[in-house]
Structure formats: C-alpha cells, structure tokens
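No hydrogens, no waters, no symmetry mates; every other heavy atom, side chains included, goes into these values. Counting begins at 1 with the first residue of the sequence. Atoms within a ligand are numbered from 1 in the order they appear, just like the ligands themselves.
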Amino acid sequence: MHSLRPFDAKRDTAAISRAITLAFAGTPDGVLGYFDLVGRENLRVLDEGPAAPTACLARIPMGHWFGGRVVPTIGIAAVAVAPEARGSGRAKSLMEEAVREAARDGTPLLSLFASTQALYRKVGFEQAGSKFETSMPLRQLHTGTRALSIEPVTALMHGNPNERLVRCYQRYASAFEGCLERGPFIWKRIQQNRDQTFHGFAVVPDGPGGDVEGYVFIGQVRRDGGRHDVVLSDLAFTTERAALRLLGLLSDYTTMGLTLSFIGGPCHPLVALLPQQWIEMQFKDYWMVRIADLGAAVNARGFASSIELDIVLDVSDDLVPANAGRWRLRVSGGLGSVARTDSPAVFHSDIRALAAIYTGFLSPKQAVLLGHARGDERAARALGGAFAGTAPWMVDHF
Ligand SMILES: CC(C)(COP(=O)(O)OP(=O)(O)OC[C@H]1O[C@@H](n2cnc3c(N)ncnc32)[C@H](O)[C@@H]1OP(=O)(O)O)[C@@H](O)C(=O)NCCC(=O)NCCS
C-alpha cells in the first residue's frame with residue numbers, strides 16, 4: 001500500500017509528534033525529547049505523498065544475547081498511527097516495510113514489545129521472551145556482605161555508555177538468553193527514565209577506577225510519611241561475591257526503604273541467591289521477535305558446543321520469500337548455518353513459530369502442539385536440543 005521513508009524533521013515533526021503524543025498519552029515536549037533520545041535518523045514514516053504523514057515507527061539498533069553470542073537486532077518502538085487514520089492497514093504496512101528493510105540489510109532479527117499481538121503476528125513476529133517484575137520487602141535481604149568497596153558510577157561517560165559497566169554487563173548478559181546488547185538509547189534510560197533518576201553503584205574490589213565486578217542502578221520512590229520504595233533500573237554481576245556485595249548495599253537501604261523491586265525473567269539471578277521465597281512476581285510482558293534474515297540469524301547465535309545437528313527444515317514466510325523453502329540446518333562446534341537443499345524436510349514451520357523456537361521460548365514439540373509447526377517427534381526433539389536454553393528474558397524496555 002505505502003512505502004516507508006526516512007523522517008524529515010522540517011516536514012514531519014508536527015504530524016508525527018502529534019501521532020505519537022496521541023498514541024502513547026504523551027506530551028509534545030516529551031515526544032521531542034524522545035526524538036532526541038532515539039535519534040531522528042532512526043524514525044521512519046509511512047509515505048503518504050504530499051499529504052502529512054499519519055503513521056511512524058522507530059528502529060533502534062541493538063542486539064540480543066542467545067547462546068552466548070550477540071545477534072544483531074532492530075528494536076521496533078513508537079509504532080503509532082494518528083487516531084483518524086486507524087483501521088485502514090497503515091500499521092500493517094509500516095511493519096511489513098520495516099521487516100523487508102531489515103531483511104534487505106541482512107539484519108538477523110527484529111524485536112518489540114507489543115500492545116496488540118495480532119498486528120505483529122500478521123507480519124511474522126511471535127512471542128519469544130518474557131519480562132516479570134519481582135518485589136520483596138527490603139528487610140528480607142539478610143545474605144549481603146559489605147566486604148568489597150563500592151564506587152558511585154554513571155551509565156554514561158562523555159555521552160557514551162560507560163565502558164567499565166558495559167564490560168561487566170556483557171559478561172553477565174552472555175550467561176542468559178535474550179538479554180539486550182544495548183546501544184546508547186538504553187544506557188541513557190538506565191540512568192534517567194522520564195522523571196525518574198537512578199543512581200549507579202559499582203562493586204570495585206581493587207578500589208575506585210578498578211574493574212567493575214558488579215553494579216546496580218537504584219531509584220527511590222517516596223511514600224507519604226517519608227519512607228520509600230527502592231526500584232532498580234539495572235543490575236549485573238560477574239561473581240557471586242559481587243552479587244552478595246550488591247545485596248549488602250541494597251540491605252543498607254532498609255532503615256528508610258520498604259520494598260525492593262526489579263525487572264527480570266521468571267527467576268531473576270538475584271532471587272536465586274536469597275534463602276527465602278518471600279517474593280512477589282508480576283507478569284509485565286511477553287516480547288516478540290521476527291526472524292528477518294534466517295541465514296544471518298542462525299549464523300549469529302551461539303549453540304551448545306556438544307550439539308551436532310544436521311536436519312532439513314521447510315520454512316514458510318509470505319513476507320520475506322528469501323527465508324522460505326527447504327533449508328539444511330547444521331549445528332556443530334557451537335555454531336550454526338543453513339544452506340538451500342532439495343532433500344525432503346523432516347520439520348515444517350512458519351517463520352513465526354521459528355522465532356519462538358530460535359529464542360528457546362517454545363520447544364519445537366510445543367510449536368507442533370500449538371499447530372504452528374509440523375514434524376515427527378524425533379525431528380522436533382533434535383531441533384529442540386539445539387535451541388534449548390534457560391527462559392529468555394530481558395530487563396530493558398524500548
Ligand atoms: C496499534 C495501532 C498502531 C494500529 O494501527 P492501524 O493502522 O489502525 O492498524 P491496521 O489497520 O494496520 O491493523 C492491522 C492489524 O492490527 C490489529 N489491530 C489494529 N487495531 C487494533 C486494535 N485497536 N485492537 C486490537 N488489534 C488491533 C488487527 O489485527 C489488525 O488487523 P485486522 O484489521 O485485519 O483485524 C494504532 O491503533 C495505534 O497507534 N495505537 C496506539 C499506539 C499503539 O498501541 N502502538 C503499538 C505499540 S506496540
């Protein structure tokens with residue numbers, strides 16, 4: 001129906017900031033701040049010829065950690081259609097074009113948080129990971145220590161992500177499935193998210209300026225009466241002793257602080273260190289992934305080095321024909337690849353189900369159960385072994 005074009009600040013600012021303001025109950029000033037944060041070069045609008053545009057999205061370059069490697073990803077955000085233009089296929093056109101653009105560029109994945117899954121499923125996204133909020137009384141933290149030194153830190157240094165923290169985060173994120181490889185957009189939000197400021201503290205066993213073995217960003221939400229709740233925007237550690245030091249730091253908020261809450265997966269690593277299960281978990285979101293370039297996606301992620309797999313898949317993808325057809329998937333030595341083949345396929349999947357299988361959110365057998373894929377039990381188990389991992393999750397929102 002329409003094609004996507006880059007955002008033209010002079011021509012599009014008024015119409016697009018209005019569409020986003022009305023879509024997300026924002027303010028015009030807030031939206032201009034968002035443009036600065038996300039970068040105007042990352043905005044796309046639906047080309048409606050000489051008429052003012054009514055639909056837009058943002059493409060945020062990032063990555064997801066899968067199998068210990070970073071898979072380059074375009075995060076999709078700010079999908080907005082002006083109220084008077086809704087219901088005529090604009091959002092679907094926007095998303096189709098965004099998927100085609102990523103596929104043309106050889107970007108392995110797209111990911112997003114969906115307000116309506118129906119829209120994104122139509123263009124090949126599927127649920128691929130989760131996000132939960134864990135809360136607990138602060139006074140429950142008895143396991144912490146004060147053994148290692150702590151240094152106040154900022155997420156950004158001279159406008160760029162703080163490399164000392166990035167190194168620590170990457171080691172932490174590489175141990176889980178789905179965590180984001182963050183760009184400056186996300187790092188900025190860790191420190192300042194809308195009106196909320198988060199203060200950073202790093203565990204530095206060798207003293208200030210030394211290697212960061214763990215860190216946390218702490219926000220405080222004041223209650224009537226003066227006490228407050230502690231909210232974390234981020235936390236990472238590379239050793240158990242650093243995690244215990246972070247717990248100690250947090251437990252030092254107990255005199256005034258009431259509750260502690262943070263975002264993670266169904267079992268946050270911090271929770272795994274606690275002796276008790278006095279926690280409450282609230283489901284926040286299932287995030288969705290679209291495989292834009294199947295070959296690039298398989299090449300980019302890591303696999304367990306013990307897995308040897310050679311299997312023929314039949315993939316359907318109406319939107320990106322380059323992904324469709326029969327592929328020989330091979331996994332060996334921790335790496336994967338696909339090659340075209342005429343051999344008969346043992347497992348059939350649409351690109352949607354494959355996204356959920358790829359991230360380990362659904363096993364192939366579960367995808368068959370849901371009617372999203374077909375294949376014999378043996379093939380499903382073999383494929384499932386390659387993509388198996390712990391539940392995919394991420395802290396960040398975009
Ligand atoms: C969601 C939104 C972008 C849809 O825009 P749109 O141009 O009206 O959507 P389309 O006409 O392209 O609809 C495509 C599909 O999206 C889904 N969809 C659209 N509006 C929907 C709604 N209000 N509720 C549930 N699903 C909806 C439907 O599956 C629809 O397909 P169908 O018409 O065949 O049923 C628009 O309503 C909007 O800007 N909403 C506020 C902001 C928002 O939710 N953004 C998405 C953030 S992830």
Side-chain angles (χ1 to χ4, degrees), residues 1-5 7 12-28 30-35 37-38 42-49 51-62 64 73-102 109-131 178 180 185-186 189 193-194 263 283-290 292 317-320 350-353 355-356 359 361 372 394-398:
M1 174 180 159
H2 300 287
S3 59
L4 276 192
R5 64 170 172 79
F7 176 80
D12 302 328
T13 296
I16 293 304
S17 71
R18 172 181 173 272
I20 296 181
T21 301
L22 295 176
F24 300 104
T27 60
V31 172
L32 294 182
Y34 180 77
F35 287 175
L37 193 64
V38 82
N42 291 323
L43 297 172
R44 297 285 183 278
V45 301
L46 206 60
D47 196 348
E48 300 184 43
T54 55
C56 68
L57 55 76
R59 305 167 84 251
I60 308 169
M62 50 179 65
H64 280 283
T73 302
I74 294 291
I76 299 287
V79 177
V81 175
E84 67 278 8
R86 290 180 189 166
S88 59
R90 281 179 169 77
K92 186 160 174 264
S93 297
L94 269 178
M95 288 308 305
E96 284 173 348
E97 287 304 309
V99 169
R100 288 195 188 105
E101 184 177 350
L109 305 178
L110 298 124
S111 74
L112 54 78
F113 288 92
S115 64
T116 157
Q117 297 187 141
L119 165 62
Y120 301 106
R121 281 187 167 136
K122 281 180 196 284
V123 295
F125 283 78
E126 194 40 88
Q127 290 176 341
S130 59
K131 190 172 157 183
L180 273 200
F185 169 84
I186 300 284
R189 279 199 163 177
N193 197 347
R194 298 197 170 88
I263 299 291
F283 168 74
K284 303 298 271 184
D285 274 298
Y286 292 126
W287 39 273
M288 304 182 87
V289 161
R290 210 288 178 194
D317 188 343
D318 296 339
L319 188 55
V320 185
D350 64 25
I351 199 74
R352 269 200 313 121
T359 68
F361 184 77
H372 297 165
M394 67 168 130
V395 177
D396 310 292
H397 203 97
F398 54 87

Inspect the contact between Asp350 and Arg121 and indicate whether a charged nitrogen and a carboxylate oxygen are less than 4.0 angstrom apart.
no

Check Arg44 with Glu97, please: is the shortest side-chain N to carboxylate O separation under 4.0 Å?
no

Which protein residues have a heavy atom closer than 4.0 Å to any atom of ligand 1, listed by chain and number?
Ala23, Phe24, Val79, Ala80, Val81, Arg86, Gly87, Ser88, Gly89, Arg90, Ala91, Lys92, Phe113, Ala114, Ser115, Thr116, Ala118, Leu119, Tyr120, Lys122

Does Trp287 reach the main-chain N or O of Leu112 with its side chain, forming a donor-acceptor pair under 3.5 Å?
no

Identified side-chain hydrogen bond (donor to acceptor under 3.5 Å, both in side chains) partner of Thr54 from the options Glu84, Arg86, Arg90
Arg90

Just to verify, what does Ala78 make a side-chain contact (heavy atoms from CB on, under 4.5 Å) with, not counting sequence neighbours?
Ile20, Tyr34, Ala58

Look at the side chain of Thr359 and the backbone N and O of Ala128, then say whether any donor-acceptor pair between them is shorter than 3.5 Å.
yes

